[in-house]
Protein chains: 2
Amino acid sequence: MTIKEVCETHDITPDTLRYYERVGVIPTVNRTKGGIRDYSEEDVKWVENAICMRNAGVPVEMLIEYVKLFQEGDATLMARRDLLAEAREDVQAQLDKFQATLDRLNYKISRYEEALRTGVLSWNEETYKK
Amino acid sequence: MTIKEVCETHDITPDTLRYYERVGVIPTVNRTKGGIRDYSEEDVKWVENAICMRNAGVPVEMLIEYVKLFQEGDATLMARRDLLAEAREDVQAQLDKFQATLDRLNYKISRYEEALRTGVLSWNEETYKK
DNA sequence: ATACAGCTTGGAGTTAACTCCAAGTCAAGA
DNA sequence: TCTTGACTTGGAGTTAACTCCAAGCTGTAT
């Protein structure tokens, strides 16, 4: 699979993909004799994983560490589990914040909708109570 | 309320608060005759709103636009509602991605837990199926 | 064989959102 | 009054994560 194909099916740029490989967010991808990247099924799985993790703000640094541990083999199973657990805590905490923000936005929007519906502009303060 | 008090009760640095005011993420805060910031209840509400929105990745640019519209008065009610609705879409989309990442992390961690529990290291591929 | 579009690398540049700094002002305590 | 620590401003510096670039190689179509 060429870099172009991976990019098109995963909505990512070649530059980002090469950057991920360069810094170690994904393991090194095999090349053709000409030196062109040829992504295997497994490479693509790593790419998907990286994209998913990055979507939730998991730092590049953490992904690099995970790949490094993975390549060291079975002796690092616990360390990897711990790293993932840490990432999970971070993502969960972020998720909670996003939910709180969503609640606030919903509240504010509903107040705007009401004001626009009734024509009564009954507030000029930025209030929000949980 | 001094900048220090606001910072301590809201876990934010003075530099960030001054930056928010400077670029317009929050309206201008009143000063004492000596020129020192004196946050009102309403100022603090704006700060809380900014922190909440930034927690969910709502861009500074959007918050600036909102404050600007707010200060223009009732004529901008619809524009503000639309801006908030847009922010809500973005936050919801991000939230969904975070949830997907959390699901993936939970799956991976459960596989690690199993491997560590049984002593069977039964995979060496980065699989994940929804 | 010759275009020519697309790939390669190493390295430099960009962006958003802070974060720090220097030089100066202010205010409470000895 | 003097010291001392916190505040002020405008502007420069930092960081993470890309994103772009130049110079050169590849490989399919004419």
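Each chain gets a letter, A, B and so on, in the order its sequence line appears, and its residues count up from 1.
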When the distance from [atom1] of [X] to [atom2] of [N] is rounded to whole Å, what number comes out?
{"X": "A:Ile51", "N": "D:dA17", "atom1": "CD1", "atom2": "P", "result": "15 Å"}
{"X": "A:Glu61", "N": "D:dC18", "atom1": "CD", "atom2": "P", "result": "13 Å"}
{"X": "A:Ile36", "N": "C:dT9", "atom1": "CD1", "atom2": "P", "result": "10 Å"}
{"X": "B:Leu17", "N": "D:dC7", "atom1": "CG", "atom2": "C1'", "result": "13 Å"}
{"X": "B:Ile64", "N": "C:dC18", "atom1": "CD1", "atom2": "P", "result": "11 Å"}
{"X": "B:Ile12", "N": "C:dT19", "atom1": "CD1", "atom2": "C1'", "result": "12 Å"}
{"X": "A:Lys4", "N": "D:dT28", "atom1": "NZ", "atom2": "P", "result": "14 Å"}
{"X": "B:Lys33", "N": "D:dT8", "atom1": "NZ", "atom2": "C1'", "result": "16 Å"}

Counting only side-chain nitrogens and oxygens, does [X] get under 4.0 Å of the OP1 or OP2 atom of [N]?
{"X": "B:Arg37", "N": "D:dT8", "answer": "yes"}
{"X": "B:Arg18", "N": "D:dT8", "answer": "yes"}
{"X": "A:Thr13", "N": "D:dC18", "answer": "no"}
{"X": "B:Arg22", "N": "C:dT19", "answer": "no"}
{"X": "A:Thr16", "N": "D:dT19", "answer": "yes"}
{"X": "B:Tyr20", "N": "C:dC18", "answer": "yes"}
{"X": "B:Arg31", "N": "D:dT9", "answer": "yes"}

For this session: Before accepting this row, confirm whether a basic side-chain N of the pair B:Arg18/B:Glu21 lies closer than 4.0 Å to the acidic partner's carboxylate O.
Result: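 No, no charged N to carboxylate O under 4.0 Å.
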Exercise. Are any of the side-chain nitrogens in B:Lys68 or B:Glu65 under 4.0 Å away from the carboxylate oxygens of its partner?
Worked result: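 B:Glu65 and B:Lys68: salt-bridged.
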For this session: Could you check B:Gly35 against B:Gly57 and say which one's nearest nucleotide on DNA chain C is further toward the 5' end?
Result: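 Comparing both residues, the 5'-ward one is B:Gly57.
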For this session: Could you check which of D:dA17, C:dC20, C:dC7 has an atom nearest any side-chain atom of A:Arg54?
Result: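 Closest of the options to the side chain of A:Arg54: D:dA17.
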Problem set entry | Closest nucleotide among D:dT26, D:dT8, C:dT19 to the B:Tyr19 side chain |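 Per side-chain heavy atoms of B:Tyr19, the pick is C:dT19.
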Problem set entry | Distance-only side-chain donor-acceptor flag, B:Arg80 / B:Tyr66, under 3.5 Å |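 Judged by distance alone, the side chains do not pair up.
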For this session: Using distance alone, with no hydrogens and no angle criterion, decide if B:Gln94 and B:Asp90 have a side-chain donor and acceptor under 3.5 Å apart.
Result: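 Checked: B:Gln94/B:Asp90 side chains show no N/O donor-acceptor pair below 3.5 Å.
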Exercise. Contact class for B:Pro59 vs. all strands (heavy atom < 4.0 Å): base, sugar-phosphate, or nothing?
Worked result: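 It contacts sugar-phosphate atoms only.
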Exercise. What about B:Asp15: does its side chain form a donor-acceptor pair under 3.5 Å with the base of C:dC20?
Worked result: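 Donor-acceptor pair under 3.5 Å: yes.
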For this session: Could you tell me if the ring centre of B:Trp46 sits under 6.0 Å from that of B:Tyr39?
Result: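 No, ring centres 6.0 Å or more apart.
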